[in-house]
Amino acid sequence: MAKIKLETEDFIFEVTEELVCYEEIGRKGADKWAEGFRSWLNDGRKKKNVVKNGDKTFFVIEDEGEIFDIADEYLDAVEKGNTEQYWKDFQ
């Protein structure tokens, strides 16, 4: 199956739109995820799901279901007060 390459801003949009649907997260929490993702993206460590092509950066996912999984995992981390670990483990 072909992987899906989303420009990072499109990826951020897709995940935040999913997170907004969760009452516990809402727009404010979704924006916090986006901020955390940008920090993670720019932390200098190598990323297995990040591909650069010219001046564009892409996040590669297996399928659209991965967006839901990412949102679910973040919701779980928020509920457990464990977002710091979420970003350490994020790939």
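All values reported here derive from a predicted model rather than from experimental measurement.
- A distance of 10.5 Å separates NZ in K5 from OG1 in T57, rounded to the nearest 0.5 Å.
- Counting heavy atoms of neighbouring residues, nucleotides and ligands inside a 6.0 Å radius, atom CD of E64 does not exceed 12 of them.
- Residue-environment remark: CD (Q91) exceeds the threshold of 12 foreign heavy atoms within 6.0 Å.
- Under the 3.5 Å distance criterion, the side-chain polar atoms of D63 are matched with a main-chain donor or acceptor of E66.
- With a 6.0 Å radius and a threshold of 12 heavy atoms from other residues, nucleotides or ligands, K56 has its NZ atom at or below the threshold.
- For the pair E14 and I67, the tightest heavy-atom approach, listed with the atom from each and the gap, is CB-CD1, 3.6 Å.
- With sequence neighbours excluded, no residue satisfies salt bridge (Lys or Arg N to Asp or Glu O under 4.0 Å) with K28.
- When the side chains of ILVMFWY residues are joined at heavy-atom separations under 4.5 Å, either directly or via intervening members, Y86 and Y22 end up in a single hydrophobic cluster.
- Here the CD atom belonging to E24 is positioned 11.0 Å from the CG atom belonging to D76, to the nearest 0.5 angstrom.
- Transitive grouping of hydrophobic side chains (ILVMFWY, heavy atoms separated by less than 4.5 Å) keeps L41 and V60 in distinct clusters.
- Considering only residues two or more places apart in sequence or on other chains, R27 meets the salt bridge (Lys or Arg N to Asp or Glu O under 4.0 Å) condition with E17, D31.
- Aromatic ring centres of F37 and F11: separated by under 6.0 Å.
- W40 has its side chain within reach of V50: a pair of non-hydrogen atoms, C-beta onward, lies under 4.5 Å apart.
- We find the CD1-NZ distance between I25 and K32 to be 10.5 Å, quoted to the nearest 0.5 Å.
- W33 is not listed as a side-chain neighbour of T83, based on a closest heavy-atom distance of 4.5 Å or more.
- Of all heavy-atom pairs spanning A30 and L19, the tightest one is CB-CB, 3.9 Å.
- Atom CD1 of I70 is separated from atom CZ of F90 by 4.5 Å, given to the nearest 0.5 angstrom.
- Considering only heavy atoms from C-beta on, Y74 comes within 4.5 Å of V78 through its side chain.
- Interatomic distance, N49 CG to F59 CZ, rounded to the nearest 0.5 Å: 4.5 Å.
- Note that the CG atom of N42 and the NZ atom of K47 stand 8.0 Å from one another [nearest 0.5 Å].
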